[in-house]
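I have a structure I would like to understand better, so I am pasting it below and will then ask my questions one at a time.
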2 protein chains.
Amino acid sequence: MDANDALKLESQFCFAVYSAAHAVMRAYRPLLEALGLTYPQYLVMLVLWEADGQTVGGIAERLMLESSTLTPLLKRLEAMGFAERRRNPENERQLIVSLTAAGWALQEKAMAIPPGILACSGRTAPELTNLREALVEVRDSFAAARAESRRIGEVGEG
Amino acid sequence: MDANDALKLESQFCFAVYSAAHAVMRAYRPLLEALGLTYPQYLVMLVLWEADGQTVGGIAERLMLESSTLTPLLKRLEAMGFAERRRNPENERQLIVSLTAAGWALQEKAMAIPPGILACSGRTAPELTNLREALVEVRDSFAAARAESRRIGEVGEG
DNA sequence: CGATAATATATCGTGTGCGATTTAATATGT
DNA sequence: ACATATTAAATCGCACACGATATATTATCG
């Protein structure tokens, strides 16, 4: 990579990730319309279908999102009747998010989504698996670099 | 991939892309603070540094974004003094976006960003190039599938 | 030439996302 | 026990991001 080309859009790994994320979310939109969910809402449902009754912090860690993102999103899921939010009696700081019957019923419909997405990708499942594993490694490097720089105190409250 | 596992978060390619995009943007934030730009604003600057004086539509196509996203963003770049917006005299429907002297001056500072990002990635440049190329191919498959389904008229104004 | 279609951008409403801060509850240290 | 620190969510302000629609301009067709 020539230093002169480093600022070229097409040479940038990060733009590839950024634009791929948008392309993927646009592919989900028509499929998720049948469930009445947005993509981030669908991700929360995936997390809850795997393990119901998690705290906001647990969901946030799993999805790598902040409470400031999840709080309004979870309120919408509750308003739609797919989830319930109640304080943990053991620890009143925590909020336990649980699926309703309607939330569980949605899982059936969601079964149709992964095959639809696979079709849009134009790739085989093993190809996507390989790419996913490589991507997760780089993602975790970025996350670790950020955590380290925050630990050192380059940013933050000090 | 077992059908039972298709709805598992960790098995999903799309969540890897989604979460990687967030991790990447979080890595840019401290670096871009020195320039006073957000990541999407930085992308627009990259496009204009490569070719100044593009239309909104041209920038949108390059970044795969909608005019409804770019219009307010470009107004902010103009308000910050990095870009100018003027109608094309040849075609008054079009808006030409041009860099100011301050916008060009920013390119110098931006030179420090790609090396900083490379360091956060924990990968070599060739490794990122390989991953980028694979990712762009999948992204374009998703985009093509969407364009095709819209052409057929599965969605849209019909 | 004039009605109609197509094009380019802007506007509006909704839903993420995040950093910074606030509020409330629990843990810790003396 | 009680002041202090830590933790967990929520709130606030700002900036994307998109679909749907509106507006203005240009192109097209009869």
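By convention in this document, chain letters (A, B, ...) are assigned in the order of the sequence lines, proteins followed by strands, and residues within each chain are numbered from 1. Hydrogens, waters and symmetry mates are skipped; everything else that's a heavy atom, side chains included, is used.
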Main-chain N/O of B:Leu95 paired with B:Arg86 side-chain donor or acceptor, under 3.5 Å: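 No, the answer is negative, given that no donor and acceptor are paired below the 3.5 Å cut-off.
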Listed nucleotide nearest any side-chain atom of B:Pro40, set D:dA17, D:dT25, C:dT26: D:dA17
Polar side-chain contact A:Arg93-D:dT7 base: donor and acceptor under 3.5 Å: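 Between D:dT7 and A:Arg93, which were checked side chain against base, a qualifying N/O pair under 3.5 Å is present.
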B:Lys75 side chain, from C-beta outward: closest of C:dT11, D:dA8, D:dT11: C:dT11
Presence of B:Tyr18 side-chain N/O under 4.0 Å of C:dG17 phosphate oxygens OP1/OP2: yes
Nucleotide nearest A:Thr38 when distance is taken to its side chain, options C:dT16, D:dA17, D:dC12: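 Nearest nucleotide to the side chain: C:dT16.
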Among C:dT16, D:dA15, C:dT11, the one nearest A:Thr69 by side-chain distance: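 Side chain of A:Thr69 sits closest to C:dT16.
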Minimum-distance nucleotide to A:Ser67 side chain [options: D:dA10, D:dG19, C:dT16]: D:dA10
Distance test, side-chain N/O of A:Arg29 to OP1/OP2 of C:dT14, below 4.0 Å: no
Rounded distance in Å - CG (A:Leu63) to C1' (C:dG17):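 That distance rounds to 13 Å.
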Nucleotide D:dA10, atom P - distance to CZ of A:Arg87 in whole Å: 5 Å
Check: A:Ser67 main-chain N/O paired with A:Thr71 side-chain donor or acceptor under 3.5 Å: yes
N/O (side chain, B:Arg150) to phosphate O (OP1/OP2, D:dG19) under 4.0 Å: yes
Phosphate OP1/OP2 of D:dA9: any A:Thr55 side-chain N/O under 4.0 Å: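 So the side-chain polar atoms of A:Thr55 do come within 4.0 Å of the phosphate oxygens OP1 or OP2 of D:dA9, strictly under.
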Interatomic distance, A:His22 NE2 vs D:dA15 C1' [rounded to whole Å]: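 Answer to the nearest Å: 12 Å.
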Side chain of A:Gln41 (C-beta onward), nearest among D:dT26, C:dT9, C:dT16: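 So the side chain of A:Gln41 is nearest to C:dT16.
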Euclidean distance, atom CG of residue B:Leu95 to atom P of D:dT23 [Å, nearest integer]: 19 Å
Side-chain (B:Arg132) to main-chain (A:Val17) donor-acceptor, under 3.5 angstrom: no
Nearest-neighbour nucleotide for the B:Leu65 side chain, C:dC12, D:dA17, D:dA9 considered: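 Minimum distance to the B:Leu65 side chain belongs to D:dA17.
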Test item: B:Glu78 side-chain N/O and B:Arg85 main-chain N/O as donor-acceptor pair under 3.5 Å: yes
Protein-nucleotide distance (B:Leu73, atom CG; D:dA17, atom P), rounded to Å: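 One finds 8 Å between P of D:dA17 and CG of B:Leu73, rounded.
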Aromatic plane relationship, B:Tyr42 with B:Tyr28 - under 30° parallel, 30 to 60° tilted, over 60° perpendicular: tilted
C:dT16 OP1/OP2 closer than 4.0 Å to side-chain N/O of A:Tyr42: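 Answer is no, no contact under 4.0 Å.
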Sugar-phosphate only, base, or nothing, as touched by B:Arg86 at under 4.0 Å among non-hydrogen atoms: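 The answer is nothing, as B:Arg86 stays clear of every strand by at least 4.0 Å.
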D:dC16 phosphate, OP1 or OP2, under 4.0 Å from B:Arg76 side-chain N/O: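 Affirmative; the distance criterion is met.
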Rounded distance (Å) that lies between atom P of D:dA9 and atom CD of A:Gln94: 5 Å
5′-ward residue of the pair A:Glu90/B:Thr71 relative to DNA chain C: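 By nearest-heavy-atom nucleotide position, the 5'-most residue is B:Thr71.
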